[in-house]
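Atoms within a ligand are numbered from 1 in the order they appear, just like the ligands themselves.
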Amino acid sequence: MPEGDTIHYAANRIRPVLAGHVPDELETPHPRFGRDRWPERLAGRTVTSVDAHGKHLFLRFEGGLTIHSHLRMTGSWRVLDGGKRPSRATWLRLRRGDRQVLQLNGPVLELMTDSRTRFDQRLAQLGPDVLAPEFDYGRFLRRLRDDDPTRPIGDALLRQQTIAGIGNMWKVEGCFAAGVDPWRPTGRVSDEEAVRIVELVRPRMQQSALDGKQDRWRRIYGKAGRPCPRCGAASHIRVRGQWDDNRPTFWCPTCQR
Ligand SMILES: [Zn+2]
């Protein structure tokens with residue numbers, strides 16, 4: 001599932017291929033880019049950096065142009081060795097030497113000026129990145145307290161203006177690890193409890209951003225009806241859709257309070 005760790009993992013793989021280099025080839029095979037002329041606009045420009053903030057990935061080129069990507073539920077990034085031809089799902093292909101970077105299925109893929117990346121509302125309002133080397137807990141708590149106090153804590157963690165990079169799986173696993181009921185209204189979750197969820201999720205996500213192995217951190221996500229890993233047979237994992245977006249929320253009614 002594309003959450004912050006998935007995006008940072010992609011950035012970590014793309015960086016050694018492209019950062020500091022001019023791509024040998026750049027093409028946008030998908031018909032929607034037919035008139036956008038990305039190959040002409042980016043020709044001869046060095047990729048100055050490849051970075052991620054929350055679920056957003058940025059390929060920055062010299063001359064103040066940036067490719068911005070958000071995968072939502074459907075997109076992906078691939079780094080391939082060799083000259084395999086891109087499939088119809090390829091929206092963007094960059095080649096350097098015998099390595100290729102592919103962006104598949106968008107759905108958000110746009111070429112922006114650097115000033116627009118600073119002023120774009122979606123990007124400028126993002127909260128602190130859960131994967132930042134130094135996480136700004138004060139800013140996270142201020143944003144959390146600005147939100148609706150009746151909103152369940154599980155759903156509040158999905159609001160990217162509060163904390164950037166947590167998606168539905170990490171929300172579920174973070175609340176479980178901290179023993180916090182994801183249904184508890186945020187107004188009744190203490191600062192210490194909210195901080196604890198982030199402290200538990202960060203090292204797991206950081207490891208996943210390095211090795212791409214997100215699945216091994218799933219203790220209760222997708223496991224409705226199974227015994228709780230903490231309580232054993234005495235309690236079973238439940239699932240129910242949460243808040244406006246009805247995202248499936250797994251929890252143990254016994255050890256999460
Ligand atoms: Zn339990």
Side-chain angles (χ1 to χ4, degrees), residues 1-9 54-55 73 127-132 135-138 140-257:
M1 192 168 294
E3 302 197 15
D5 51 323
T6 318
I7 308 308
H8 280 259
Y9 177 66
K55 302 183 195 175
M73 306 293 271
D129 186 346
V130 63
L131 284 160
F135 184 75
D136 188 343
Y137 285 96
F140 159 64
L141 289 171
R142 285 193 296 280
R143 297 274 180 105
L144 186 71
R145 298 309 174 199
D146 283 345
D147 195 4
D148 179 350
T150 69
R151 183 173 180 169
I153 183 64
D155 202 67
L157 293 167
L158 297 181
R159 183 175 173 260
Q160 299 297 300
Q161 295 97 315
T162 298
I163 181 168
I166 293 185
N168 201 47
M169 180 232 155
W170 286 111
K171 142 200 136 174
V172 163
E173 296 298 341
C175 289
F176 179 74
V180 171
D181 182 348
W183 297 94
R184 201 191 321 159
T186 299
R188 293 201 286 109
V189 174
S190 69
D191 286 356
E192 291 71 23
E193 287 172 314
V195 163
R196 179 92 181 120
I197 295 171
V198 177
E199 281 176 344
L200 286 166
V201 109
R202 266 168 60 76
R204 292 163 165 82
M205 291 185 78
Q206 281 165 339
Q207 189 59 44
S208 170
L210 288 177
D211 63 22
K213 294 177 182 160
Q214 188 190 68
D215 282 358
R216 73 168 137 144
W217 298 106
R218 292 186 185 203
R219 298 193 69 203
I220 66 162
Y221 189 87
K223 300 188 178 178
R226 302 236 201 119
C228 169
R230 229 175 352 230
C231 305
S235 184
H236 291 78
I237 301 304
R238 288 197 198 162
V239 64
R240 185 148 49 91
Q242 191 169 60
W243 209 241
D244 292 345
D245 291 333
N246 207 32
R247 304 297 303 280
T249 299
F250 300 83
W251 84 106
C252 171
T254 305
C255 62
Q256 289 178 260
R257 300 301 181 100

Legend entry - Closest approach of E3 to I166 (non-hydrogen atoms, all atoms of both residues):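 Closest heavy-atom pair between E3 and I166: OE1-C, 4.0 Å.
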Inset, instruction - State, to 0.1 Å, how close G174 and V201 come at their nearest heavy-atom pair, and which atoms those are. - result: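 In terms of heavy atoms, the two residues are closest at CA-CG2, 3.8 Å.
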Inset, instruction - State plainly whether the residues R145 and D191 are in salt-bridge range, i.e. N to O under 4.0 Å. - result: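 Here R145 pairs with D191 in a salt bridge, since their nearest N and O are under 4.0 Å apart.
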Legend entry - Neighbouring protein N, O or S atoms of the Zn ion (ligand 1), below 2.8 Å: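 Excluding waters, the total comes to 4.
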Inset, instruction - Tell me, please, which residues at least two apart from D146 pass salt bridge (Lys or Arg N to Asp or Glu O under 4.0 Å). - result: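 With neighbours one apart ignored, the set is empty.
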Legend entry - Set of salt bridge (Lys or Arg N to Asp or Glu O under 4.0 Å) partners for R151, sequence neighbours left out: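 Here the qualifying residues are D147, D155.
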Quiz: residues 220-231 side-chain donor-acceptor pairs under 3.5 angstrom, not counting sequence neighbours:
from, atom 1, to, atom 2, distance (Å)
K223, NZ, R218, O, 3.1
R230, NH1, F176, O, 3.0
R230, NH2, F176, O, 2.7

